[in-house]
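Single-structure report; data block below.
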Amino acid sequence: MSNNHHFDIIIVGAGASGLMAAVQASDRNLNVLVLEHQPKAGVKILSTGNGRCNLTNSDMSAKYFRCDDPLFFRPALKAFSEQDTLRFFEERLHLFCKEKNGYWYPRSNQATAVREALLSGCRENGVLIRRNAQIRDITKKDGRFRFRTDKETYSAAACILCCGGKAFPKSGSDGSGYRLAKVFGHSIVKPLPALMALYSDRSELFALAGVRAFGKVSLVVNGSHVITDEGELQFTDYGISGIPVFQISRYAAIALHKKEQVSVVIDLIPEMPKEELERYLSDGCKGQAMKTDDRLRVLLNGLLPQKITAFLLEQKTDTLSERIRQISGEIKHLSVPVVKTASFTQAQTTTGGVRVSEIDPDTMGSRLEDGLYFAGELIDIDGACGGYNLQWAWSSGTLAANSAAAYVRERN
C-alpha cells in the first residue's frame, strides 16, 4: 500500500453529514479521505427544501426529533447548534443565509450553493474525495481501519460512517452503510420510509385528487390516537399528501410494519367546533327560498374548496338535521384508512438504522469498536420537516469529526 493511501480519518459517504465531517476534521489539520459510491458528491442536498435547502430551523425543540432514546440527540445539538450552523456557513464557508418564519435557507434560495460551499471547504483543506468508490470490505488490523474498494485499498486511524439511510436511493442512500456497521457488530433497527405520502383504499376520496386544504390530521393506530399535526394537506388519486401528512407518516410506517390497523382522521375546519358548524349550517338554511342543496353548497363553498363541497353533498339523508350532522361529522372527522406508505423512492428520510444504544451520544463513537464513529441518517434518529434532518446531519457530523480528531491525536 503506497503512502498516499494512508489517512488520519476516512469518511464513508459524501452527503450532508459526510461533507460537514470532512470540512470540520480537515480544519483540524488532519489528512481526510471521503469515499463516495456515487458519481457525484452531495446529491441528496440538492433535493432538500424543494431545491432551496432548508438548512436549519430557529426552533430546535425536542418534539421535532424522533428516537428510541429521547435524550440521544441533545449532546450533538448542544455541541453544534442551529446558531453554530448559521455561523459556520456564513463565516467559514461564506454562504449567507436568510430566515422565513423560523426556517433558514441560503440567501440564493439554491441548494446547489450549499453543496458547492461544502465542497469548496473540502478543496481548501485538501480533502480527497474518491467518487465511484464501491467498498468491497472493511476490516481493522493493527489499530487501523482498512478499506478495500473495487479499485484501491486505503487505511486510516479512525473511520466515520455517514452513508445515509434508504430514502431517495438514487442519491446514494441505498442502505449499504448498514452492511458496514454490521461488520463491527452493530445491530440495525428496521429501516422504514419517513416523511412521505400515505395510501388509502377509500376510493371515493380519489375524486378529490389535486385539492389542497388546510386541516388538522391525526394518526389513529388500533383505535388510539398517536400524533396530530396541521397545515396544508393534499388529496391525491391514491390517498393523502402534504407537510402535515409527512410529519405523522413515520409513525404510520412503523404501525403498518407491525400489521396494525392505521387510519388518519382529518379535521377540515379545526378552528370551528362541531356544534358551532352544525349551528352555522342550520341557521343558514332557515327561511331560504333556495333548494336545500343549493343553499348548503353556498354555505360550504364559503368554508371549503368546491370539490370537497361536492363530495359532502353526494350523500343523502331523510331530514335536513340528519344531513347537517352527517356533513359536519365528515368535515370534522373525515376518516382515511391507510393501507401503505409511499416507498423509499419518494420518502425524504429514513426511520430506523444503527441502534442508538450502541453509540455514545457524547462523541458519536461506537460502543463496540474504538475509532469508529457515526453521523447523519445512518443512525436510528429522524427529524420532522423543517430543516431538522439537515441540522442533525450538521450536528452529528461535526461531533463525530471532533471526536475522531481527538482520537487520532491521542494515538499520535
Side-chain angles (χ1 to χ4, degrees), residues 12-13 15-18 44 62-77 135 138 159-169 171-196 198 219 221-222 226-227 246-260 262 338 340-369 372-385 388-393 395-397 399-400:
V12 183
S17 60
K44 194 171 181 180
K63 67 182 179 181
Y64 297 116
F65 295 90
R66 290 79 185 259
C67 179
D68 283 345
D69 179 354
L71 301 179
F72 179 82
F73 63 90
R74 290 185 175 178
L77 291 178
I135 297 174
I138 176 175
C159 165
I160 308 175
L161 295 182
C162 304
C163 317
K166 295 186 72 174
F168 196 42
S171 70
S173 296
D174 58 4
S176 57
Y178 304 136
R179 173 179 62 86
L180 301 180
K182 287 179 179 178
V183 169
F184 298 101
H186 282 277
S187 54
I188 308 299
V189 176
K190 174 68 176 179
L192 297 168
L195 301 185
M196 69 284 168
L198 300 176
L219 186 72
V221 176
N222 292 339
V226 175
I227 187 173
F246 287 7
Q247 303 289 42
I248 66 173
S249 63
R250 59 99 66 186
Y251 300 97
I254 293 170
L256 289 168
H257 176 66
K258 295 177 180 178
K259 309 297 184 184
E260 295 176 314
V262 180
V338 178
K340 68 176 183 177
T341 71
S343 68
F344 279 114
T345 304
Q346 290 85 37
Q348 293 183 16
T349 192
T350 307
T351 181
V354 178
R355 195 175 297 277
V356 296
S357 61
E358 299 167 358
I359 301 172
D360 182 350
D362 292 322
T363 64
M364 289 293 112
S366 167
R367 296 188 188 274
L368 309 180
E369 185 65 56
L372 177 65
Y373 300 86
F374 299 92
E377 193 179 333
L378 183 64
I379 304 169
D380 180 24
I381 180 169
D382 55 288
C385 291
Y388 298 102
N389 287 294
L390 275 180
Q391 182 60 53
W392 173 245
S395 296
S396 60
L399 182 55

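Values in this document were obtained by computation on a predicted structure and should not be read as measured data. Hydrogens, waters and symmetry mates are skipped; everything else that's a heavy atom, side chains included, is used.
Note: Ile254 CD1 to Thr351 OG1 = 4.0 Å, rounded to the nearest 0.5 Å. For the atom pair Arg179 CZ and Cys163 SG, the distance stands at 9.0 Å (nearest 0.5 Å). Note that CG of Leu192 and CG of Asp380 are 9.5 Å apart. Values are rounded to the nearest 0.5 Å. Separating the CG atom in Asp360 from the OH atom in Tyr373 is a distance of 9.0 Å, to the nearest 0.5 Å. Atom CD1 of Ile138 and atom SG of Cys159 lie 4.5 Å apart (nearest 0.5 Å).
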(request) Before giving the answer on side chain to side chain contact (heavy atoms under 4.5 Å, CB included), spell out for Phe72 and Ile359 the whole-Å C-alpha distance, their side-chain angles and the decisive distance to 0.1 Å. (result) CA-CA 9 Å; Phe72 179 82; Ile359 301 172; 3.9 Å; yes
(request) Take Arg66 and Ile227 through the test side chain to side chain contact (heavy atoms under 4.5 Å, CB included) and record every step on the way to the result. (result) CA-CA 12 Å; Arg66 290 79 185 259; Ile227 187 173; 4.2 Å; yes
(message) Let's go through Ile381 and Trp392 carefully: what are the C-alpha distance in whole Å and the side-chain angles of both, what is the deciding distance for side chain to side chain contact (heavy atoms under 4.5 Å, CB included) to 0.1 Å, and is it a yes or a no?
(response) CA-CA 9 Å; Ile381 180 169; Trp392 173 245; 3.2 Å; yes
(message) Go through it in stages, so that I can follow the logic: the residues are Asp382 and Asn389, the test is side chain to side chain contact (heavy atoms under 4.5 Å, CB included), and I'd like the CA-CA distance, side-chain angles, deciding distance and then a yes or no.
(response) CA-CA 6 Å; Asp382 55 288; Asn389 287 294; 4.2 Å; yes
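Of all non-hydrogen atoms in Ser395 and Ala76, the two that sit nearest each other are CB-O, 3.5 Å. Between Lys166 and Phe344, the shortest heavy-atom contact is O-CB, 3.4 Å. Looking at every heavy atom in both residues, Tyr388 comes nearest to Phe65 through O-CE2, 3.5 Å. For the pair Tyr178 and Gly165, the tightest heavy-atom approach, listed with the atom from each and the gap, is OH-CA, 3.3 Å. Shown here for Cys385 and Phe246, the closest heavy-atom pair between the two residues is SG-CB, 3.9 Å. Gly177 and Leu378 get closest at one heavy-atom pair: C-CD1, 3.7 Å.
Side chain of Ser249 to backbone of Ala194: no donor-acceptor contact under 3.5 angstrom is found. Ser396 places a side-chain N or O within donor-acceptor distance of the main-chain N or O of Gly376, the cut-off being under 3.5 Å. Here the side chain of Thr350 pairs no donor or acceptor atom with the backbone of Gly352 at under 3.5 angstrom.
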Under 3.5 Å, which donor-acceptor pairs do the side chains of residues 183-191 form with other protein atoms, sequence neighbours left out?
from, atom 1, to, atom 2, distance (Å)
His186, ND1, Glu358, OE1, 3.1
His186, NE2, Ser366, OG, 2.7
Ser187, OG, Arg355, NE, 3.2
Ser187, OG, Glu358, OE1, 3.4
Ser187, OG, Glu358, OE2, 2.4

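Not counting sequence neighbours, the partners of Lys44 by the salt bridge (charged side-chain N to carboxylate O under 4.0 Å, His left out) test are Glu377.
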